[in-house]
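Okay, so here's the structure we're looking at.
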Amino acid sequence: MALRGDWMYENNGGTCVAIAGIDYCVVAADTRLSVGYNILTRDHSKICSLADKVVLASSGFQGDIRALHKNLAARHLLYQHQHNKQMSCPAMGQLLSNTLYYKRFFPYYAFNVLGGLDNEGKGCVFTYDAVGSYERVGYSTQGSGSSLIMPVLDNQLKSPSPLLLPARDAVTPLSETEAVDLVKDVFASATERDIYTGDKLEIVVINASGIKREYLELRKD
Amino acid sequence: MLLLVFGLSFLSFFPSLSLSQHFAPTRTKPHHRISVSLNLKQRKQREEKRRMMMKLDTSGLESFSAAVPSAMAAAEDQLFAPPSFDLPAGCADFDKFQMEAKQTLKHAKGTTTLAFIFNQGVIVAADSRASMGGYISSQSVKKIIEINPYMLGTMAGGAADCQFWHRNLGIKCRLHELANKRRISVTGASKLLANILYSYRGMGLSIGTMIAGWDEKGPGLYYVDSEGGRLKGNRFSVGSGSPYAYGVLDNGYRPDMTVEEAHELARRAIYHATFRDGASGGVVSVYHVGPNGWKKLSGDDVSELHYKYYPVQPTPVEHEMVDAPPA
C-alpha cells in the first residue's frame with residue numbers, strides 16, 4: 001500500500017463495536033495493528049476515553065486516528081475550561097462530526113463509534129462515516145469485521161426504527177452482563193473469519209458509577 | 001532579507017514616502033500624489049541613489065567553490081550543498097490523490113426523496129436507507145431535515161455533505177431572522193444554500209436537496225444541487241429511486257387533492273421506489289408543510305407497507321404435497 005507514491009493512507013485494520021443499554025454503554029475494540037499481511041503489534045488500543053461519560057473507538061488508519069483523538073481531547077479540555085463541566089455524549093457527537101467534516105477534502109481515514117451516557121443517564125451510541133455523517137443508534141460496529149458483526153447484532157438487538165410514527169424506543173432491553181457476553185461472542189466469531197481482527201479484545205463499560213475496563217484473549221493466528 | 005534592509009534604510013532617508021514604491025520591480029506609474037509633485041531633477045537624483053544602493057557586494061554569499069576554482073570544486077559543492085529532501089509522497093499529484101481519496105471512502109448515497117406543492121401546502125417524503133457501495137450502512141437515516149419550524153430540507157447524495165450544509169443553512173436562516181426581524185423566505189434560504197454550493201462546485205460535494213417551506217408568499221419548493229443548480233418548481237423527486245417515484249407521483253397528482261390523498265400518494269410513490277431500487281428502503285417518512293409550519297404525518301416501514309398494499313392471497317393449489325407417511 002505504501003509503495004504507491006501518491007497514496008497517503010494505510011488501513012491498519014481492526015473492528016470496533018458499541019452497544020447502548022438502558023443505563024449503560026459498552027464499547028469494545030480488538031487490539032491488533034496490521035499493515036497488509038503483517039501484524040505490527042498485538043497490544044494497540046483503539047479506544048480513547050474522551051470524557052467521564054464519553055468513549056470513542058476508531059478503526060482505520062492509525063496515524064489519522066491518533067491525530068483525531070488528540071484533537072478531540074484538546075477540544076474537550078478547552079470546553080472544560082470555558083464551561084466548567086464535562087462534555088455530554090451528544091455534544092461530543094456533534095463535535096466529532098464537525099471535526100471530521102472540516103477535513104472533507106482530505107479526510108481522516110477513521111471509522112468511528114462514539115459511546116457514552118446522555119444527559120439523562122441513558123446509553124447513547126453514535127456511528128460515523130469517514131467524513132462526519134452521524135446518527136444516534138442503539139448499537140453499531142465499524143471496521144474490517146463490521147460486515148461480519150453487524151448482521152449478528154441486527155439479529156439480536158434490532159429495535160423499531162426511531163423514524164416510525166408513533167415512535168418506539170430504540171434502546172436494547174439487554175442487561176449489562178448480557179451485552180458484554182454478546183460482545184465477546186461476536187468478536188470471537190469475527191476473529192474466526194477476519195484476518196485483521198484478533199489477539200485481544202478491550203471492553204469498556206460506561207455506567208453511572210464510571211468507566212470500567214476488561215480484557216479478553218482472542219485467537220492470535 | 002535584502003529587501004528588509006532596503007526598507008529600513010529608506011525609511012531613514014524618505015520618511016514621508018511609502019515603502020511600496022521603492023520595492024516595485026518595474027517602473028510603474030507612481031500611486032502617491034506626493035511623488036507627482038516633485039520635479040524631474042529630484043526624481044532623477046532619487047533614482048540614482050536607489051540604483052547605487054542596489055549594487056550590494058554579494059561576494060560573501062557565493063559558494064566557496066566558485067571563489068576558489070579547483071578540481072575539488074565538484075566534490076565540495078556536494079559537501080556544502082544544502083541537504084535536499086524528497087518531496088513527501090502524494091505531492092506529485094495532490095489533486096488526483098484528493099479525487100481518489102474521496103472515491104475510495106464511498107460515503108453514503110442512493111436514496112429516494114420527493115416533494116410537491118398542492119392547494120393545501122407542500123408534501124415532503126423520503127426513505128431512510130444509507131448505502132456505502134453495496135453495504136447498507138443504515139436503515140434509519142433522517143433524510144428530511146428540519147431547518148426551522150416552517151422549512152424542511154431533504155437529503156440525497158453524500159450524507160455528511162447534506163447534514164453539514166443543512167445545519168449550516170439553519171444557522172444562516174436564524175441569523176437572518178435575528179438581523180432582519182423577520183423570517184427568511186424559501187427563495188432566500190434556497191439561494192443561500194445554492195450560492196454556497198456553487199462556490200464549492202467541482203470539488204466533489206454531492207448534494208441533491210429540495211428546500212420546501214411556507215413563507216409570506218405561500219408554499220415554496222426549490223431544488224438545489226451541488227453542481228450549483230437551483231430550480232423553482234411544483235413537483236420534484238431526487239435520488240436513485242426517483243424515476244420510480246416520478247411514475248407514481250406524476251400519475252396520481254392533482255392540485256386539488258386533500259391532505260390525506262396527497263399523503264397517501266407520497267407514501268405510495270416512495271414505497272414503489274423502494275420496491276424497485278436497491279439503494280432505497282427502510283422507513284417512509286411523510287411531512288406536510290402548512291401555513292402553521294411543518295408536521296410529520298407518518299413513518300411506515302416499507303416491508304409492512306408491502307403487505308398492506310399487497311396482502312398475501314391464499315393461492316389455489318392443484319396438487320397438494322403430502323408428507324410421506326412415517327415408516
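The analysis underlying the following values was restricted to heavy atoms, covering all of them including side chains, and did not include hydrogens, waters or symmetry mates.
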Q: Mark yes when over 12 heavy atoms from residues, nucleotides or ligands other than Lys85(A) sit less than 6.0 Å from its NZ; otherwise mark no.
A: no

**Q.** Distance-minimising heavy-atom pair for Ala160(B) and Ser133(A)
**A.** N-CB, 3.2 Å

Q: Flag yes if more than 12 heavy atoms outside Tyr200(B) fall under 6.0 Å of its OH atom; otherwise flag no.
A: no

Q: Go through Arg104(A) and Met203(B) one step at a time and tell me if the side-chain contact (heavy atoms from CB on, under 4.5 Å) criterion holds.
A: CA-CA 10 Å; Arg104(A) 168 70 175 77; Met203(B) 294 176 80; over 6 Å; no

Q | Within 6.0 angstrom of Tyr102(A) OH, more than 12 heavy atoms from elsewhere | A | no

Q: Please say whether more than 12 non-hydrogen atoms of neighbouring residues, nucleotides or ligands are located less than 6.0 Å from CZ in Arg230(B).
A: yes

Q. At a heavy-atom separation under 4.5 Å, does Tyr134(A) approach chain B through its side chain, its backbone, both, or neither?
A. both

Q) Which residues, numbered in order, of residues 296-306 of chain B come under 4.5 angstrom of chain A by heavy-atom distance? A) Lys296(B), Leu297(B), Ser298(B), Gly299(B), Asp300(B), Asp301(B)

**Q.** Between OG on residue Ser161(A) and CD on residue Gln139(B), distance to nearest 0.5 Å
**A.** 8.5 Å

Q | Partner chain B: residue of Gln142(A), Gln94(A), Met150(A) with the largest heavy-atom pair count (under 4.5 Å) | A | Gln94(A)

Q) Rounded to the nearest 0.5 Å, what separation is found between the OG atom of Ser146(A) and the CE atom of Met132(B)? A) 8.0 Å

Q: Look at Gly282(B), Ser128(B), Ser140(B), Ser138(B) and state which one has the largest set of heavy-atom pairs under 4.5 Å with chain A.
A: Ser140(B)

Q: With sequence neighbours excluded, tell me which residues meet salt bridge (charged side-chain N to carboxylate O under 4.0 Å, His left out) with Asp118(A).
A: Arg136(A)

Q. Should Tyr101(A) and Asn168(B) be marked as a side-chain contact (heavy atoms from CB on, under 4.5 Å) after you check the CA-CA gap, both sets of side-chain angles, and the distance that decides it?
A. CA-CA 12 Å; Tyr101(A) 198 81; Asn168(B) 186 278; over 6 Å; no

Q. Should Phe164(B) and Asn98(A) count as side-chain neighbours, where that means a heavy-atom distance under 4.5 Å?
A. yes

Q: List the atom of Leu163(A), the atom of Val141(B), and the distance in Å for their closest heavy-atom pair.
A: CD1-O, 3.4 Å

Q.
Surrounding NZ of Lys191(B) (heavy atoms of other residues, nucleotides or ligands, distance under 6.0 Å), is the total greater than 12?
A. no

